[in-house]
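Just follow the structure's listing: the first ligand is 1, and inside any ligand the first atom is 1. Heads up: numbering here begins at 1 and tracks the sequence. What you see is a predicted model; the values in this text were computed from it and never measured.
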Amino acid sequence: MSPDARELEFALRDAVDRGQLHAWFQPQVDVATSRIVALEALARWQHPDHGVISPADFIPLAEENGAIEEIGQFMTTESLAAIEAWEIDVSVNVSPVQLEGDAFTTWLERILRRNRSVARRLTLEITEQRRIEHSPAAARRLDLLRATGAGVAIDDFGMGHSSLTQLKRLHGSELKLDRQLVADDSEETTRLLARIVALAHEHGARVVAEGVETVATMARVVRLGCDRAQGYLIGRPLPRNEMARHLARHRAGR
Ligand code: C2E
Ligand code: CA
Ligand code: CA
């Protein structure tokens, strides 16, 4: 490990305590109405010396050193607060590491049981589904959370080893089509996506297209029958205060 990474790993341990971790929110629109109906919470680390550090860089470190427990709890707390404040659906990313022990599930299940209307608006986004599929204990923990009314999304669908079987096995309520797949307008991929959307709908799952950057891609997403869309074309991730203003303007029709 480079000295830089070691230094970051060390600082990460108390980034939450020092108030350096923030939840940003990216909007998702209902494809049929173009209204913002949901947000994805995305972690940002405001490091005093290095500026904003991307989750792609610090989440893997956090998964290694255990800081993911605190980060995951923080991000989920922020997501629950956003649901209550803005009366909107919110998705939060959950690392398979958070499902390796009981702590996260026990904590969240207790909160969600007390507040079913909030639970129904929360979606847990899972990547690396194989790690959960291959661990009966992790799958059971996910089921406990699902039983409170929370949704489960299969993230980055189409990349790596994701499959529709996982949607079934993990009782997924949502499928998030990976950005690369969404942007690929070859005939082959288009046919495949149309089939995936139809099968997801047969399972009663919602389909969200990720990484929509252009008008042409958005038109494709509409044609494919996706339910929701997310991406820079619709809106970039914003800090909480800015998202509050953005939502207020959007809801006032401005
Ligand atoms: P993800 O869950 O697939 O999140 C979507 C990523 O795509 C975000 O990157 C978002 O900013 C970016 N994105 C959104 N729209 C577009 C677009 O139109 N074009 C392009 N090129 N990118 C777009 P971000 O925020 O850097 O997050 C990277 C990854 O880090 C996430 O990918 C997720 O796997 C992980 N992550 C972020 N926050 C958390 C968290 O709180 N917990 C865990 N466990 N992982 C997180
Ligand atoms: Ca995600
Ligand atoms: Ca994704």
Requested in this report: Give me the protein N, O or S atoms that fall under 3.0 Å of the Ca ion (ligand 2), sorted by chain and residue number.
Outcome: E40 OE2, N93 OD1, E125 OE1, D155 OD2
Query - R206 and E174: CA distance, side-chain angles, deciding distance, salt bridge (charged side-chain N to carboxylate O under 4.0 Å, His left out) verdict - result: CA-CA 5 Å; R206 172 168 72 212; E174 180 179 301; 2.7 Å; yes
Report summary line: ring pair (Phe, Tyr, Trp, His ring centres under 6.0 Å) pairs touching residues 5-25, sequence neighbours excluded, are F25-W86
Query - Within-4.5 Å side-chain heavy-atom neighbours: D155 and I126 - result: no
Report summary line: Tested for salt bridge (charged side-chain N to carboxylate O under 4.0 Å, His left out) against D89, the lone hit among R228, R120, R35 is R228
Report task. Test V31 against every option in V221, V212, V208, V207 by the side-chain contact (heavy atoms from CB on, under 4.5 Å) rule and name the one that passes. Result -> V221
Report task. Can you tell me which residue pairs pass the side-chain hydrogen bond (donor to acceptor under 3.5 Å, both in side chains) test with a partner in residues 231-253, sequence neighbours excluded? Result -> E78-R240
Report task. Verify the distance criterion only: is there a donor paired with an acceptor across the side chains of S79 and T76 at less than 3.5 Å? Result -> no
Report task. Using a cut-off of 6.0 Å, state whether more than 12 heavy atoms not belonging to R116 lie near its atom CZ. Result -> yes
Under a 3.5 Å threshold, I'd like every N/O contact between ligand 1 and protein atoms, with atom names and distance.
{"from": "ligand 1", "atom 1": "2 (O)", "to": "E40", "atom 2": "OE2", "distance (Å)": "3.2"}
{"from": "ligand 1", "atom 1": "2 (O)", "to": "N93", "atom 2": "OD1", "distance (Å)": "3.0"}
{"from": "ligand 1", "atom 1": "2 (O)", "to": "D155", "atom 2": "OD2", "distance (Å)": "3.1"}
{"from": "ligand 1", "atom 1": "3 (O)", "to": "D156", "atom 2": "OD1", "distance (Å)": "3.3"}
{"from": "ligand 1", "atom 1": "15 (N)", "to": "Q26", "atom 2": "NE2", "distance (Å)": "3.0"}
{"from": "ligand 1", "atom 1": "18 (O)", "to": "Y232", "atom 2": "N", "distance (Å)": "2.8"}
{"from": "ligand 1", "atom 1": "19 (N)", "to": "E213", "atom 2": "OE2", "distance (Å)": "2.4"}
{"from": "ligand 1", "atom 1": "21 (N)", "to": "R179", "atom 2": "NH1", "distance (Å)": "3.1"}
{"from": "ligand 1", "atom 1": "21 (N)", "to": "E213", "atom 2": "OE2", "distance (Å)": "3.0"}
{"from": "ligand 1", "atom 1": "22 (N)", "to": "Y232", "atom 2": "OH", "distance (Å)": "3.3"}
{"from": "ligand 1", "atom 1": "25 (O)", "to": "R44", "atom 2": "NH1", "distance (Å)": "2.8"}
{"from": "ligand 1", "atom 1": "25 (O)", "to": "R44", "atom 2": "NH2", "distance (Å)": "2.9"}
{"from": "ligand 1", "atom 1": "38 (N)", "to": "A43", "atom 2": "N", "distance (Å)": "3.1"}

Requested in this report: Please determine, by modelled atom types, if E40 and Q230 share a side-chain donor-acceptor pair under 3.5 angstrom.
Outcome: yes
